[in-house]
Amino acid sequence: MAKLKSFFRILFVRAEYAFDMAFGQKCNPLSWLGSLGWYFFWIVAGTGVYLYIFFDTGITDAYASVEYITNDQWYAAGVMRSLHRYASDALVIVVVVHLLREFSLDRLRGKRFFAWLTGVPALFFIYLCGISGYWLVWDELAQFIAIATTEWLDALPFFAEPIANNFLNSTTLGGRFFTLMVFIHIFAPLFMLLLMWIHIQRHARARVNPPRPLAIGTAITLIVLSLLHPAVSQGPADLDAVPTELAFDWFYLAAYPLLDMIPGGQLWLVIVGGLAVLALFPWLPPQKPAPAAVVSLDNCNGCARCFDDCPFGAISMVRRSDGKGYETEAAVSLEHCLSCGLCVGACPTSTPFRRATEIVPGIELPEYPITGLRESTIAASSQFGEGPRVLVYTCEYSGADKLRNEGAQVITMPCIAMLPPSFIDFTLSRNLADGVVLAGCAEGDCYYRLGGHWTLQRLNGERDPYLRKRVDRNRVCFMRTRPGSGKQRQAEFADFAATLADLPPASHKKSRDE
Amino acid sequence: MNRFGRLFLQAISYAAFAMTVGYFASMPAYRYADAGAASVKISLSHAADKVAPCVQLTQEEIAEFAANMRRTETCERQRLPLFFEFDVDGARVLTIEAPPSGIWGDGPSSIYERINLDPGRHRITVRLRDTARTEGWDYVKSEEVVLEAARYFTITFKEATGGFNYR
């Protein structure tokens, strides 16, 4: 399993770098696969509603109505039909790549199991929606799907009589089963939407819309494809004839040719068994979770900044339990907390300037105490060699720990947003370094979802806790990087080091807290 | 990278995406493995006899039931399996024993098969046994038919219309 993950990780690191070159970090499609899935879903839903206006749901008239949509009204409904099909296919692509990428990033393990587990049944619904849609055209492909699907379903021991009998020959064809498919094609997407909503329930501020440039570019791509290569029907269904050659949508129908080779029952076993194993991936093998964040009530005033910043909804504000004069206190859900430390960075009591021997903030990670971070910062300052002294705070996933090779001192933490902005002030005002680099994951692709976003807002004074105005911004660099972007990172670091070298010596003011 | 270069790479990425979607949405064509064959579909759903005939109850036995539950005979629920044979030009192609459906085995037995045969003239014989007899058949049909390539030939069964039907 680990080797498989590494293999995909290597592929994705290269692909991420290539897409960064084309789209920039902010619009890198690989960072927005889930949102693109939502986007394609809405395109399919919107075009589906339009097509339904012209679609005749009777089995004898369905084909003619789709022909009208495709040929007579090619400029509107025809394009909608093509968009409907191609957005459905694009949905399969982004969902599969999304699944593989989350797997490669290990963002399915431990407490992150929920999104993975709820995503697996969504796969089933995607296929139910797609296959039932092809059925409705009632052309030769639809006939093939109808017969193959019903024969495949008959391999299951659920039906007293073979449902394939509905499509035995042209005399047995009835509209009742066809009407059922129309209902399935309408209601399956609604269930899928419900599953998609559940899928993101453990994500605070879930991203369901891709950035506008990516949305526009993708929409234009699909429209151009629809105009150049419109989706068309095949010959009308004839239940007395065997369809021998079919233009095939391999995104949805790839399993069907397998029915020519292996019995339907075995194929069910492979697919259902495969999905069951896929659903178990978060626990293969079981992982010991990192200890969750801990609230210190003596230092918590119930300000709710940790509650606002938690990307996984792991913190709730509850009624005060210690009799102090504050209304609420933070409470951490052990089931939801991923130990990212964003709450620590948000807590106004997480400051290295405090005079107490042991600094205990309102909330902190047992494995990464603020006292330890302060000691690491002070210790790092004595390790610098020649040239500008640059202290790099970085997360575990950006790859910026390699800046050690450039002469920087590096302190690593789970997420860059765990670093309270006061540490930058502390480092510079105490002359512990000439400059500070905060290196987080690529833009829009934070391992803990919102870390980079919150860090930037804190540095820009848009989000509490702010970086103090007295801090010389020329001595602070916020770098968003990926493991595969080594050269860019080195260049950015070299630019920053050169800037520091040109700056006059810093004046070191003491904080009021000192 | 400058803006032009970036836009160029984006255009290539979008084009590659469109080509992937457009191509695999309809190509390569799927060719049915046995396209030159005629396809024979056999479909029947029929309830065989009960495993044992109903037994007439005596007056004493009837009297043992509650007044609103009295009946004159008692019957086994379970049905016999169907025995089916399918021959082509005198050669046995299929032999099926189809069990009754339902948890109690009291429902109809169903058979659904799709078999590919060489096109041309063939003598097709089907036999069905739906009773407790151990020899012989309750329904038999044997007829010379012409099978066409890439066309379905269906064999159905309806007791009410006398048994097997070829189409």
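These figures come from a predicted structure and were not determined experimentally. In the text below, chain A, chain B and the rest are named by the order of the sequence lines, each starting its count at 1.
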Within this structure, what is the CG-OG distance for the pair A/Asn28 and B/Ser13, rounded to the nearest 0.5 Å? 9.5 Å
So which of A/Pro157, A/Gly217, A/Pro243, A/Ala254 has the largest heavy-atom pair count under 4.5 angstrom toward chain B? A/Gly217
B/Tyr14 and A/Thr218: which non-hydrogen atoms are nearest, and at how many Å? CE2-N, 3.7 Å
Any chance you could measure B/Arg6, atom CZ, to A/Asp20, atom CG, to the nearest 0.5 Å? 8.0 Å
Just checking heavy atoms, which of residues 100-107 of chain B are less than 4.5 Å from chain A? B/Ser101
Between A/Tyr86, A/Phe19, A/Phe23, which shows the greatest number of heavy-atom pairs under 4.5 Å with chain B? A/Phe23
Please flag which part of B/Phe17 lies under 4.5 Å from any non-hydrogen atom of chain A: side chain, backbone, both or neither. side chain
Could you walk me through whether A/Asp240 and B/Lys41 pass the salt bridge (Lys or Arg N to Asp or Glu O under 4.0 Å) test, one step at a time? CA-CA 11 Å; A/Asp240 294 326; B/Lys41 282 187 192 176; over 6 Å; no
How would you list, in number order, the residues of residues 227-236 of chain A that have a heavy atom less than 4.5 Å from chain B? A/His229
To the nearest 0.5 Å, how far apart are CD in A/Glu161 and CD1 in B/Ile111? 12.5 Å
Honestly, the part of B/Thr20 sitting under 4.5 Å from a heavy atom of chain A is both
Donor-acceptor pair, distance only, cut-off 3.5 Å: does the side chain of B/Gln10 make one with the backbone of A/Ala22? yes
Between B/Tyr30 and A/Tyr256 (judged by ring centroids, cut-off 6.0 Å), do the two rings come close enough to count as a pair? no
Looking at A/Arg85 and B/Ala25, what are the two nearest heavy atoms and their distance? NH1-O, 4.4 Å
Before you tell me yes or no, could you show the steps for A/Asn165 and B/Tyr112 under side chain to side chain contact (heavy atoms under 4.5 Å, CB included), namely the whole-Å CA-CA distance, both residues' side-chain angles and the distance that decides it to 0.1 Å? CA-CA 8 Å; A/Asn165 280 346; B/Tyr112 179 91; 3.7 Å; yes
Tell me the closest heavy-atom pair linking B/Val21 and A/Leu225, and the distance in Å. CG1-CD2, 3.9 Å
